[in-house]
Amino acid sequence: MIIYPTIEDKIADRIARSSGEVFIRKDFDDIADYNQVGRSLCQLVAKGKIVRIGYGLYAKAGISPLSKRILPRRGLRDLATEALKKLKVEVVPSSYDRAYNEGFSTQIPTGRVIGVKGRVSRKIGYDGKYAVFEYVS
């Protein structure tokens with residue numbers, strides 16, 4: 001008996017083989033149509049393979065050794081930066097990063113504020129923690 005892989009299996013395999021951490025729905029357009037991809041991604045979220053970090057944005061997940069909860073494998077700043085690059089938004093150092101790097105401030109930036117060139121009207125985050133975007137000209 002031949003067992004054909006499901007759409008969910010194909011998507012999970014592509015995620016596992018990918019070197020990136022963030023995925024958008026468009027990454028799976030060649031596998032199935034929009035709704036089928038959405039359902040498969042929802043099933044993968046329910047199984048704990050990936051985490052939803054925004055509208056149409058997903059990240060690889062792992063189990064936290066401390067809290068035993070399912071969390072993204074990377075930090076919020078890395079995920080948001082990679083997601084913005086996938087969405088073709090230019091990422092630059094924020095005013096906090098520049099002040100610290102130039103020696104004007106001794107406070108280390110938290111990484112939640114990300115400098116962007118262009119408008120971003122998207123929420124990127126998880127578990128109630130979201131990245132803040134600062135327009136830098």
Side-chain angles (χ1 to χ4, degrees):
M1 183 169 133
I2 298 174
I3 299 175
Y4 294 102
T6 63
I7 294 168
E8 182 183 339
D9 294 337
K10 290 179 183 178
I11 291 174
D13 184 51
R14 183 171 295 175
I15 289 171
R17 287 186 290 115
S18 173
S19 61
E21 289 290 321
V22 176
F23 304 94
I24 56 177
R25 277 188 181 206
K26 212 173 243 184
D27 293 341
F28 310 108
D29 276 352
D30 60 324
I31 294 176
D33 71 5
Y34 183 84
N35 291 327
Q36 289 174 318
V37 168
R39 281 192 297 273
S40 296
L41 289 170
C42 252
Q43 290 169 349
L44 289 172
V45 168
K47 290 180 180 178
K49 305 278 186 192
I50 57 176
V51 176
R52 186 172 186 259
I53 59 169
Y55 182 76
L57 290 170
Y58 299 88
K60 289 182 181 179
I63 298 174
S64 168
L66 301 174
S67 65
K68 305 297 183 211
R69 293 184 359 197
I70 297 171
L71 297 173
R73 297 186 336 176
R74 300 270 188 252
L76 181 58
R77 182 185 185 97
D78 295 338
L79 294 175
T81 302
E82 188 177 341
L84 290 171
K85 286 180 183 175
K86 277 196 176 261
L87 297 169
K88 295 179 177 48
V89 175
E90 187 179 350
V91 178
V92 295
S94 68
S95 61
Y96 301 107
D97 292 330
R98 281 182 293 159
Y100 178 73
N101 291 336
E102 293 171 4
F104 294 121
S105 173
T106 58
Q107 290 190 336
I108 300 172
T110 62
R112 290 234 183 123
V113 178
I114 298 170
V116 294
K117 286 196 172 193
R119 185 174 176 271
V120 178
S121 61
R122 208 179 251 274
K123 286 176 100 175
I124 299 176
Y126 60 90
D127 202 27
K129 299 170 190 77
Y130 295 96
V132 177
F133 306 111
E134 174 186 54
Y135 176 73
V136 179
S137 57

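Residue numbers count from 1 along this sequence. Computed over heavy atoms, backbone and side chain alike; hydrogens, waters and symmetry mates excluded.
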Which atom names give the shortest non-hydrogen contact between G20 and S18, and what distance separates them?
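Heavy atoms only, the tightest pair is N-OG, 3.1 Å.
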Indicate the atoms forming the closest heavy-atom contact of P72 with V51, along with that distance.
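Nearest heavy atoms, P72 then V51: N-CG2, 4.1 Å.
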Could you work out, with side-chain contact (heavy atoms from CB on, under 4.5 Å) as the rule, every residue matching [X], not counting sequence neighbours?
X: P65; result: none
X: Y100; result: I108, P109
X: D30; result: R14
X: Q107; result: S105

Residue pairs fulfilling side-chain hydrogen bond (donor to acceptor under 3.5 Å, both in side chains) with at least one residue in residues 77-92, sequence neighbours excluded:
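Output for this query lists D27-K86, R77-D97.
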Would you list the pairs meeting side-chain hydrogen bond (donor to acceptor under 3.5 Å, both in side chains) in which at least one residue belongs to residues 41-54, sequence neighbours left out?
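Those involving residues 41-54 are E8-K47.
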Mind checking what makes salt bridge (Lys or Arg N to Asp or Glu O under 4.0 Å) contact with [X], not counting sequence neighbours?
X: R73; answer: E21
X: R25; answer: none
X: R17; answer: D13

With a cutoff of under 4.5 Å between side-chain heavy atoms, which Ile, Leu, Val, Met, Phe, Trp and Tyr residues group with I31?
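Other cluster members: I7, I11, I15, F23, F28, V37, L41, L44, V45, I50, Y58.
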Do any side-chain atoms of residues 122-133 form donor-acceptor pairs under 3.5 angstrom with protein atoms, and if so which ones, sequence neighbours left out?
from : atom 1 : to  : atom 2 : distance (Å)
R122 : NH1    : Y55 : O      : 2.5
D127 : OD2    : R69 : NH2    : 2.4

Would a hydrophobic clustering, with Ile, Leu, Val, Met, Phe, Trp and Tyr connected at side-chain separations under 4.5 Å, put [X] with [Y]?
X: V89; Y: I53; answer: yes
X: V120; Y: V136; answer: no
X: L76; Y: L57; answer: yes

Restricting to side chain to side chain donor-acceptor pair (under 3.5 Å), what partner residues turn up for S121, sequence neighbours left out?
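If we apply the side chain to side chain donor-acceptor pair (under 3.5 Å) test to S121, skipping adjacent residues, there are no hits.
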